[in-house]
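Heavy atoms only: backbone and side chains are in, while hydrogens, waters and symmetry mates are out.
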Amino acid sequence: MKNDLKNPLSDESVCKVLVQGQLISKTQAREILKKREPLKKKLAKRSADLDAGEVTVIDIIDSLKIKRPDNPSLSLDEEHIYQTLAKAWQLPYKKIDPLKLDLNIVTSIVPHSFARRHLVLPLAIKDGCLTVATPDPFNSELLEDIARASNLKVKAVVSSKKEIIKLINEFFGFKRSITAAENQFSTPLVDLGNLEQYVRIASDDELPSNDQHIVKAVNHLFTYALDQRASDIHVEPKRESSLVRMRIDGVLHTVYKIPKNVHRAIISRIKNLARMDMAEKRKPQDGRIKTGKEGEEVEV
């Protein structure tokens, strides 16, 4: 099994690195390479992410749930594979913390279609350098394109394909819903930071709580909170915008900033789900929402 130095992500190169790292045996590597084409076709048929890149040998190994030699109670998953590859490539591996991502940086550097097609996620900007996460850090043409578009130096770190796809969907999905909702307002709402100077009677053309974009935005909030195991969600109006904060492990984290003219529709949607009195805006209310993900029910 020769190592393809020109393509470190070739099927043979990946298998060789995993054999050297003692994550799979030589016999397992030969079997995987022998059966890779029918396995790739099988995975492609049931994959929901065909537009996010072709099926690779890494996807095959992840799907086989091979027991890890260092811990037989765990399966060899995509994250561990990319960690091992990054170490062999002498590149940093990044386990992305969504709480440390800036929504604007993630969604404004590259378009959603570009991020999805090339599996690249902007993470942070520091000292004129943009850090991006990708499962393919050897795509120099991609990094040069981002550098030209952003007018920044670009540094790549390795992250798993599944993690990048998930975060692209979450961040761009929430951004798209909020932007679409904001664009539907035909008149400005009351300035939340200037209530003492101006009072306006609410009109019938304000964005309803059952608007599809607001529904999607609130769904994104609940999904994010469940993924991060948040104990509570705070939607706080400020002078210039509204903050969405979540308490995770006892600490409040600011996870999103939303335009203040979308704030009222977000709150109305949550009140509607919790069966609160929509007309009551002066007194505190109690309500309850039962939701869940992947068979696990949660009461809010």
TODO: Could you tell me the separation between the CE atom of Met276 and the CG atom of Asp286, rounded to the nearest 0.5 Å?
DONE: 7.0 Å
Open item on the list: Does atom CD (Glu141) have a neighbourhood of more than 12 heavy atoms from anything else shown, all under 6.0 Å?
Closed with: no
Open item on the list: Please check: side-chain N/O of Thr84 versus main-chain N/O of His80, any donor-acceptor pairing under 3.5 Å?
Closed with: yes
Open item on the list: Could you tell me if the side chain of Thr56 sits less than 4.5 Å from the side chain of Asp59, heavy atoms only?
Closed with: yes
Task: Connected-component partners of Leu226 among ILVMFWY, side-chain separation under 4.5 Å - done: Val298
Task: Backbone N/O of Asn104 and side chain of Asp102: donor-acceptor pair under 3.5 Å - done: yes
TODO: Keeping to residues at least two apart or across chains, list the ring pair (Phe, Tyr, Trp, His ring centres under 6.0 Å) pairs with something in residues 127-169.
DONE: Trp89-Phe138
Task: Lys16 side, atom NZ; Leu18 side, atom CG - distance, nearest 0.5 Å - done: 12.5 Å
Task: Flag side-chain contact, heavy atom, 4.5 Å: Leu273 against Phe222 - done: yes
Open item on the list: Tell me every residue that passes salt bridge (Lys or Arg N to Asp or Glu O under 4.0 Å) with Glu31, counting only those two or more places apart in sequence or in another chain.
Closed with: Lys35
Open item on the list: Run the side-chain contact (heavy atoms from CB on, under 4.5 Å) test on Val158 and Leu85 for me, step by step, so that the C-alpha distance in whole Å, both residues' side-chain angles and the decisive distance to 0.1 Å come before the verdict.
Closed with: CA-CA 9 Å; Val158 181; Leu85 291 173; 5.9 Å; no
Can you list, pair by pair, the side-chain donor-acceptor contacts under 3.5 Å of residues 246-254, counting residues two or more places apart and other chains?
residue : atom : partner : partner atom : Å
Arg247  : NE   : Asp232  : OD1          : 3.4

- [ ] Output the rest of the hydrophobic cluster of Leu142: all Ile, Leu, Val, Met, Phe, Trp and Tyr residues reachable through side-chain heavy-atom contacts under 4.5 Å, sorted by chain and number.
- [x] Ile105, Ile109, Val110, Phe114, Val120, Ile125, Leu130, Val132, Leu143, Ile146, Leu152, Val154
Task: Smallest separation among heavy atoms of Pro122 and Val106, with atom names - done: O-CG2, 3.5 Å
Open item on the list: For Lys40, I'd like to know if atom NZ has over 12 heavy atoms of other residues, nucleotides or ligands within 6.0 Å.
Closed with: yes
Open item on the list: Do Val235 and Ile267 have side chains that approach each other closer than 4.5 Å (heavy atoms only, starting at C-beta)?
Closed with: yes
- [ ] Taking atom CD of Gln22 as the centre, report whether more than 12 heavy atoms of other residues, nucleotides or ligands fall under 6.0 Å from it.
- [x] no
Open item on the list: According to a hydrophobic-cluster definition based on side-chain heavy atoms being under 4.5 Å apart (Ile, Leu, Val, Met, Phe, Trp, Tyr only), do Val157 and Leu101 belong together?
Closed with: yes
- [ ] Locate the shortest heavy-atom distance separating Tyr82 from Ser160; write the atom from each residue and the value.
- [x] CD1-CA, 3.6 Å
- [ ] Say whether Leu23 and Leu9 are linked into one hydrophobic cluster, either directly or through other cluster members, by side-chain heavy-atom distances under 4.5 angstrom.
- [x] yes
Open item on the list: Between Pro98 and Leu167, is there a side-chain heavy-atom distance shorter than 4.5 Å?
Closed with: yes
Open item on the list: If we ignore hydrogens and angles and just use 3.5 Å, is the side chain of Glu299 paired with the main-chain N or O of Arg288 as donor and acceptor?
Closed with: no
Task: Pairwise distance CD(Gln285) to CE(Met278) - rounded to 0.5 angstrom - done: 9.5 Å
Open item on the list: Could you tell me if the side chain of Ile58 sits less than 4.5 Å from the side chain of Glu78, heavy atoms only?
Closed with: yes
TODO: Would you check, one step at a time, whether the test side-chain contact (heavy atoms from CB on, under 4.5 Å) holds for Leu119 with Asp136?
DONE: CA-CA 8 Å; Leu119 294 179; Asp136 181 5; over 6 Å; no
TODO: Mind running side-chain contact (heavy atoms from CB on, under 4.5 Å) on Asn169 and Arg116 for me, showing each step along the way?
DONE: CA-CA 8 Å; Asn169 289 340; Arg116 181 82 182 194; 2.5 Å; yes
TODO: Using salt bridge (Lys or Arg N to Asp or Glu O under 4.0 Å) as the criterion, list what pairs up with Arg275, not counting sequence neighbours.
DONE: none
Task: Partner residues of Asp77 under the salt bridge (Lys or Arg N to Asp or Glu O under 4.0 Å) criterion, sequence neighbours left out - done: none
- [ ] Looking only at non-hydrogen atoms, find the nearest pair between Ala133 and Leu123 and report the distance.
- [x] CB-CD1, 3.8 Å
Task: Exercise: identify the closest heavy-atom pair between Ala217 and Ile266 - done: CB-CD1, 4.0 Å
Open item on the list: Taking side-chain contact (heavy atoms from CB on, under 4.5 Å) as the definition, give me every residue that meets it alongside Lys87, ordered by chain and number, with sequence neighbours left out.
Closed with: none
TODO: Would you please name every residue forming a salt bridge (Lys or Arg N to Asp or Glu O under 4.0 Å) with Lys166, sequence neighbours left out?
DONE: Glu170, Asp227
- [ ] Give the intermediate values and the outcome of side-chain contact (heavy atoms from CB on, under 4.5 Å) for residues Leu33 and Arg36.
- [x] CA-CA 5 Å; Leu33 293 173; Arg36 60 183 153 175; 3.8 Å; yes
Task: Spatial distance of atom CD (Glu79) from atom OG (Ser159) [nearest 0.5 Å] - done: 9.0 Å
Task: Any donor-acceptor N/O pair, Lys260 side chain to Arg239 backbone, under 3.5 Å - done: yes
Open item on the list: Are more than 12 heavy atoms, taken from residues, nucleotides or ligands other than Glu280, located less than 6.0 Å from that residue's CD atom?
Closed with: yes
Task: N-O pairing of Glu163 and Lys95 below 4.0 Å - done: yes
- [ ] Could you tell me whether the side chain of Ser242 and the main chain of Ile258 form a donor-acceptor pair under 3.5 Å?
- [x] no
Open item on the list: Once side-chain contact (heavy atoms from CB on, under 4.5 Å) is applied, do any residues pair with Asp97, and if so which ones, sequence neighbours excluded?
Closed with: Leu99, Lys100
Task: NZ/Lys257: more than 12 non-hydrogen atoms of other groups inside 6.0 Å - done: no
Task: Side chains of Val300 and Ile233 in contact at under 4.5 Å (non-hydrogen atoms) - done: no
Open item on the list: Can you confirm whether Ile24 sits close enough to Ile66 that some side-chain heavy atom of one is under 4.5 Å from a side-chain heavy atom of the other?
Closed with: yes
Open item on the list: Given 3.5 Å as the limit, does a donor-acceptor pair link the side chain of Thr179 with the main chain of Arg176, or not?
Closed with: no
- [ ] State, yes or no, whether a side-chain contact exists between Leu103 and Lys175 at a heavy-atom distance under 4.5 Å.
- [x] yes
- [ ] Sequence neighbours left out, what passes ring-ring contact (aromatic ring centres under 6.0 Å, His included) with His112? Give chain and number order.
- [x] Phe172
Task: Approximate separation, where rounding is to 0.5 Å, of Ile32 CD1 and Lys34 NZ - done: 13.0 Å
Task: Under the ring-ring contact (aromatic ring centres under 6.0 Å, His included) test, residues paired with Tyr224 that sit two or more places apart - done: Tyr256
Open item on the list: With rounding to the nearest 0.5 angstrom, report the CD to SG distance, Gln20 to Cys15.
Closed with: 11.5 Å
- [ ] Work out which heavy atom in Ile168 is nearest to a heavy atom in Ala115; give both atom names and the distance.
- [x] CD1-O, 3.4 Å
- [ ] Run the numbers on Asp62 and Lys161 for salt bridge (charged side-chain N to carboxylate O under 4.0 Å, His left out), then give the verdict.
- [x] CA-CA 11 Å; Asp62 177 61; Lys161 179 179 173 182; over 6 Å; no
Open item on the list: I need the minimum non-hydrogen distance between Ser75 and Lys65, along with the two atoms involved.
Closed with: OG-O, 3.8 Å
